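The structure appears right after this line, and notes come after that.
Please read these numbers as outputs of a predicted model, since none were measured by experiment. Letters A, B, ... are given to chains in the order of the sequence lines, protein chains preceding strands, and every chain is numbered from 1.
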2 protein chains.
Amino acid sequence: MNSAEPDNRGAPASESIAEALRALILEGSLGPDARLPGEQELAQRFGVSRPTLREALKRLAAQNLIRTRRGAAGGTFVNRVGWEEAREQLAATTTLLVSTTPIDAEPLAEARLTLLLACAPLACARRREAHLAALQAEIAFAEAPDTDDRAFCASDVRFHRVLGEATDNPLLALHLAGAVEAVQPLLNMLSYRMRDRAAILVRHRAIAERLEARDSAGMATELEALAAYTLALVREAQKLRAARRTPKAGDAD
Amino acid sequence: MNSAEPDNRGAPASESIAEALRALILEGSLGPDARLPGEQELAQRFGVSRPTLREALKRLAAQNLIRTRRGAAGGTFVNRVGWEEAREQLAATTTLLVSTTPIDAEPLAEARLTLLLACAPLACARRREAHLAALQAEIAFAEAPDTDDRAFCASDVRFHRVLGEATDNPLLALHLAGAVEAVQPLLNMLSYRMRDRAAILVRHRAIAERLEARDSAGMATELEALAAYTLALVREAQKLRAARRTPKAGDAD
DNA sequence: GGGCGATAATTGTCTAACAAATGCGCGCTT
DNA sequence: AAGCGCGCATTTGTTAGACAATTATCGCCC
């Protein structure tokens, strides 16, 4: 009646308590925006001290499952997990993975292209005016002369996100956006020259045009061309970096 | 020289400290399996007390970024994030999302099918004997008479995971597996009848056969057939459930 | 030389208290 | 009587020190 299960095979109390609360939340006993009891009461219920219980709560907070507010009407509340938050978390996980794992740029670009190709038919079939407008807005933003490389890259990510959203399938859009958001910064460690940007924008315009015409096959062709161009850019940058390293082997790191 | 940035706009200390450490880990200053200083020293460095610092560490632990071990040679260590862990986390996030968000089965099934179709050409081109063997193993496991619904569903998930791995693209496999793992339990809230299982296994065998023959188009056809069948099953189950509800509106919950 | 116990290092947990924020209501003022 | 501001209660955030539990290591004894 107090601490759910006594112990999870010697796991720290804060961990098993976090899992117990997590199960409660997922089970549906606590709907979104529901308020949990105060920390003192929770601590008593689980039979631990307040700092220990707080560690458990912080674990859940780190997973975006709960939020806390101080003050009189404060407390701990169950978070509503929306598509936005999920996308961010998904992108964070994937980003961490690809940035700490030795992997070539080629499979990353290939994965991005493959997901985009998968979305193309659905996007062409279901796109609405708002999607076309969003695409045009990103193109306009990206071709502005005062857009720096960082902003250009972010806009590029958003451009592809709109393509996912045009499928009208939130789960599909979620995974596409997560992958693109994680891959793009890796592919963009090079800083674009202006003519590279222009070439990319040409591709983007063509893609938007094919989407407007609901021409799925043509869109696939353009997506492949864009992927090929991006990959060529990355390869070129890698070759340059390698060439800069080989002639003078002992320069200042 | 002590606490990195003083405060993140009034955010709790444990949160900003967690973010600071997270940045340190991601920045690469602390490689995998690196040992962090002890809690006391860290607390002094960040200018907080040990419980507060521990809350920060628990946040990171909840994200699988660190692990802790007690004892003399214990401490806090940076976790190596592998494809397995990422897949689990990705599946957990997506599962939480789709299980707390009102969404029809149809887009879920569509997303799954779309991702599988995207993987099909690559999988056919690159599959190895090990993949075919893994597929056959899952088929054999699934058709065993003592396999219950739970195990059947898990095997189904693994079957699709192998399809993703056959693309030889870990990022693609990651997202496919994450989506399938999250969607499958939702589609399988119904318990399969034996003839449903048999029909699914027929499809699985056909898919494995098309993969072996490197017949991408044929595989796509089979995948679509499987998706259509699965969706029909779900629809039928939903209709049954709805029909059971309408005639007697006030029965016992 | 090998097994075994003391030991030290380190995380896990507890207790008690204070600080800070925040909504609410009371009382003061107009 | 109405409006405004100040205190107060509630709740999370943080601190301090101490003890418990665990585990590798080193020295001691056989």
Side-chain angles (χ1 to χ4, degrees), chain A residues 2-22 25 30 33-79, chain B residues 2-22 25 30 33-79:
Chain A
N2 42 9
S3 62
E5 283 75 87
D7 225 328
N8 260 345
R9 257 190 351 121
S14 70
E15 189 174 335
S16 33
I17 290 175
E19 194 138 345
L21 284 175
R22 189 176 202 279
I25 294 175
L30 298 113
D33 297 329
R35 184 184 180 281
L36 276 72
E39 293 180 350
Q40 261 186 334
E41 187 180 337
L42 275 180
Q44 281 181 4
R45 271 202 223 176
F46 283 103
V48 296
S49 68
R50 201 160 81 93
T52 299
L53 179 107
R54 277 178 62 81
E55 288 183 6
L57 290 181
K58 292 314 166 238
R59 292 179 116 109
L60 298 179
Q63 297 177 318
N64 249 319
L65 276 166
I66 59 172
R67 63 183 181 279
T68 56
R69 251 177 39 211
R70 288 212 275 197
T76 306
F77 301 87
V78 177
N79 256 344
Chain B
N2 41 11
S3 63
E5 283 74 270
D7 224 328
N8 261 346
R9 255 191 352 119
S14 69
E15 189 174 336
S16 32
I17 290 175
E19 195 141 340
L21 285 174
R22 190 175 200 280
I25 295 175
L30 298 107
D33 296 330
R35 183 185 180 282
L36 276 72
E39 293 180 349
Q40 259 184 331
E41 187 181 337
L42 275 180
Q44 282 181 2
R45 271 202 224 176
F46 282 102
V48 296
S49 67
R50 201 160 79 93
T52 299
L53 179 107
R54 278 178 63 80
E55 288 182 6
L57 290 181
K58 292 310 166 250
R59 285 175 185 267
L60 299 179
Q63 297 176 315
N64 250 319
L65 276 166
I66 58 172
R67 64 183 181 279
T68 55
R69 251 179 39 212
R70 289 211 276 196
T76 306
F77 301 87
V78 178
N79 257 344

Nucleotide-resolved protein contact map, nucleotides 15-22 of chain D, B/S/- at heavy-atom distance under 4.0 Å = B--B--SB

Atom pair distance, as rounded to whole Å: CD1 in A/I66 and P in D/dT12 | 10 Å

Length of the line joining B/E55:CD and C/dG12:C1', which is rounded to integer Å = 14 Å

For atom NZ of A/K58 and atom P of D/dG13, their distance in whole Å | 4 Å

For B/R50, the option from B/Q40, B/E39, B/E55 that meets side chain to side chain donor-acceptor pair (under 3.5 Å) | B/E39

Would you sort out whether A/T52 and A/F46 count as a side-chain contact (heavy atoms from CB on, under 4.5 Å), showing the intermediate values?
-> CA-CA 10 Å; A/T52 299; A/F46 283 103; over 6 Å; no

To the nearest 0.5 Å, atom CG of A/L60 lies from atom CZ of B/R59 at 10.5 Å

State whether B/E41 and B/R45 are salt-bridged, where the test is any N-O pair (Lys NZ or Arg NE/NH1/NH2 against Asp/Glu carboxylate O) under 4.0 Å.
-> yes

Which distance, rounded to the nearest 0.5 Å, do you find between the CG of A/L57 and the CG of A/L21?
-> 6.5 Å

Contacts of A/R69 and B/A73 projected onto DNA chain C by closest heavy atom; the upstream (5') one is B/A73

Rounded to the nearest 0.5 Å, what separation is found between the CG atom of A/L30 and the CD1 atom of A/I66?
-> 11.0 Å

Within this structure, what is the CG-to-C1' distance between A/L57 and D/dG13, rounded to whole angstrom?
-> 12 Å

Can you check the B/L42 CG to C/dT11 C1' distance for me, whole Å?
-> 12 Å

Would you indicate what A/R54 reaches in the nucleic acid, counting non-hydrogen atoms under 4.0 angstrom: base, sugar-phosphate, or nothing?
-> base

Would you kindly give the CZ-to-P distance between A/F46 and C/dG12, to the nearest whole Å?
-> 19 Å

B/E41 CD - C/dA9 P separation (whole Å) = 14 Å

Using a heavy-atom cut-off of under 4.0 Å over every strand shown, decide if A/R35 touches base, sugar-phosphate, or nothing.
-> sugar-phosphate

B/T68 side chain N/O closer than 4.0 Å to the phosphate oxygens (OP1, OP2) of C/dG12?
-> yes

Round to the nearest Å and state the distance from A/E39 atom CD to C/dT13 atom C1'.
-> 16 Å

Begin with the C-alpha distance, continue with both residues' side-chain angles, and end with the deciding distance and a verdict on side-chain contact (heavy atoms from CB on, under 4.5 Å) for B/R67 and B/D33.
-> CA-CA 9 Å; B/R67 64 183 181 279; B/D33 296 330; 2.9 Å; yes

